[in-house]
Amino acid sequence: MEAGGEEFAIGVVISAKTTLGEEFEGQIVAFDRPSNLLVIQEGVGRAERGERRNVRVLKANYIREFSVVSKGDDPLDPAGCTLDLDAIYAREEAALRQAEIEAERIGVGVTPEAQSIFDALSKTLPVQWDKTDIIVMKEVRVRSPYLPENVSGGTAAANERVKKVIDFERKRLHARVPGQFS
């Protein structure tokens with residue numbers, strides 16, 4: 001585990017300068033000799049203060065020079081690792097909810113033009129898919145082929161607003177890619 005005659009030992013805190021001139025300090029977490037990859041955790045003292053740390057994965061030959069600052073504890077020792085499982089589960093739950101919200105915004109079995117119209121409507125109005133129909137404000141329905149005359153339901157003002165957005169979006173799509181959306 002050496003580079004240029006010096007050792008990349010697990011747990012050692014180094015101060016390094018890369019071939020690109022970037023300088024950083026961190027603790028060596030892992031070194032893989034066959035791939036020449038080095039894993040360095042920056043902000044070694046931050047964990048005790050509850051701050052986040054940065055992990056770098058880089059080829060060892062990108063380190064122009066380094067010096068050993070100190071010998072730290074084994075960074076992979078399970079006794080020294082603390083994980084806030086509640087925070088991890090909360091982040092996972094939030095990511096899943098966000099993924100579900102984003103998945104609901106994608107129409108199944110609809111044309112790219114229909115998806116573009118849905119996206120345009122969603123910028124200013126609450127919308128959702130009902131199979132291949134677009135439901136706006138839970139009262140206005142837009143059916144395929146998503147023309148202003150295919151708008152029904154809701155108040156007259158809501159209807160007019162949806163028709164305007166559809167007309168504008170269709171004109172924008174035709175101007176961007178003539179002949180693709182007819």
Output the distance between atom CG (Asn61) and atom CG (Leu38), rounded to the nearest 0.5 Å. 10.5 Å

Least distance between heavy atoms, Arg161 atom then Thr124 atom: NH2-OG1, 3.7 Å

Does a side-chain N-to-carboxylate-O contact under 4.0 Å join Glu149 and Lys163? no

Test side-chain hydrogen bond (donor to acceptor under 3.5 Å, both in side chains) on Ser35 and Asp32 and set out the steps. CA-CA 6 Å; Ser35 64; Asp32 181 54; 2.5 Å; yes

Stepwise side-chain contact (heavy atoms from CB on, under 4.5 Å) test for Val142 and Val162: CA-CA 9 Å; Val142 184; Val162 171; 3.8 Å; yes

Taking Asp167 for its side chain and Lys164 for its backbone only, find out whether a donor-acceptor pair lies under 3.5 Å. no

Smallest heavy-atom separation, Gly153 atom then Asn159 atom, equals O-ND2, 2.9 Å

d(Asp130 CG, Ile135 CD1) to nearest 0.5 Å is 5.0 Å

Heavy atoms only: give me the nearest Ala158-Val140 pair and the separation to one decimal. CB-CG2, 3.9 Å

Specify the closest pair of heavy atoms between Asn150 and Ser144, including all atoms of both residues, with the distance to one decimal. ND2-O, 3.9 Å

Could you list all the ring pair (Phe, Tyr, Trp, His ring centres under 6.0 Å) pairs where at least one residue sits in residues 116-145, not counting sequence neighbours? Phe118-Trp129

Calculate, to the nearest 0.5 Å, the distance between atoms OH and CG belonging to Tyr146 and Leu173 respectively. 13.5 Å

Can you pull the side-chain hydrogen bond (donor to acceptor under 3.5 Å, both in side chains) pairs that have at least one residue in residues 9-31, sequence neighbours excluded? Glu22-Arg56

To the nearest 0.5 Å, atom CE of Met137 lies from atom CG of Leu125 at 5.5 Å

Run the side-chain contact (heavy atoms from CB on, under 4.5 Å) test on Arg143 and Ile134 for me, step by step, so that the C-alpha distance in whole Å, both residues' side-chain angles and the decisive distance to 0.1 Å come before the verdict. CA-CA 7 Å; Arg143 297 186 188 277; Ile134 301 172; over 6 Å; no

Side-chain contact test, heavy atoms from C-beta onward, threshold under 4.5 Å: evaluate it for Arg170 versus Leu147 and give yes or no. yes

Atom NZ of residue position Lys71 - does it have more than 12 heavy atoms of other residues, nucleotides or ligands inside 6.0 Å? yes

Under 6.0 Å from the NZ atom of Lys59, do we count more than 12 heavy atoms belonging to anything else shown? yes

At what distance, to the nearest 0.5 angstrom, does CD1 of Ile14 lie from CZ of Phe66? 6.0 Å

Roughly how far apart are Leu37 CG and Tyr62 OH, rounded to 0.5 Å? 10.5 Å

Which atom of Ile10 lies closest to which atom of Val29, heavy atoms considered: CD1-O, 3.4 Å

Linking Ile, Leu, Val, Met, Phe, Trp and Tyr through side-chain heavy atoms less than 4.5 Å apart, which residues share a cluster with Leu20? none

Any ion pair linking Arg172 and Glu169 (charged N to carboxylate O, less than 4.0 Å)? yes

For a side-chain contact (heavy atoms from CB on, under 4.5 Å) check, start with the C-alpha distance between Gln115 and Ile106, then their side-chain angles and the critical distance, and finish with the verdict. CA-CA 7 Å; Gln115 186 65 53; Ile106 300 171; 4.3 Å; yes

Minimal non-hydrogen separation, Phe24 against Ile40, with atom names: CE1-CD1, 3.7 Å

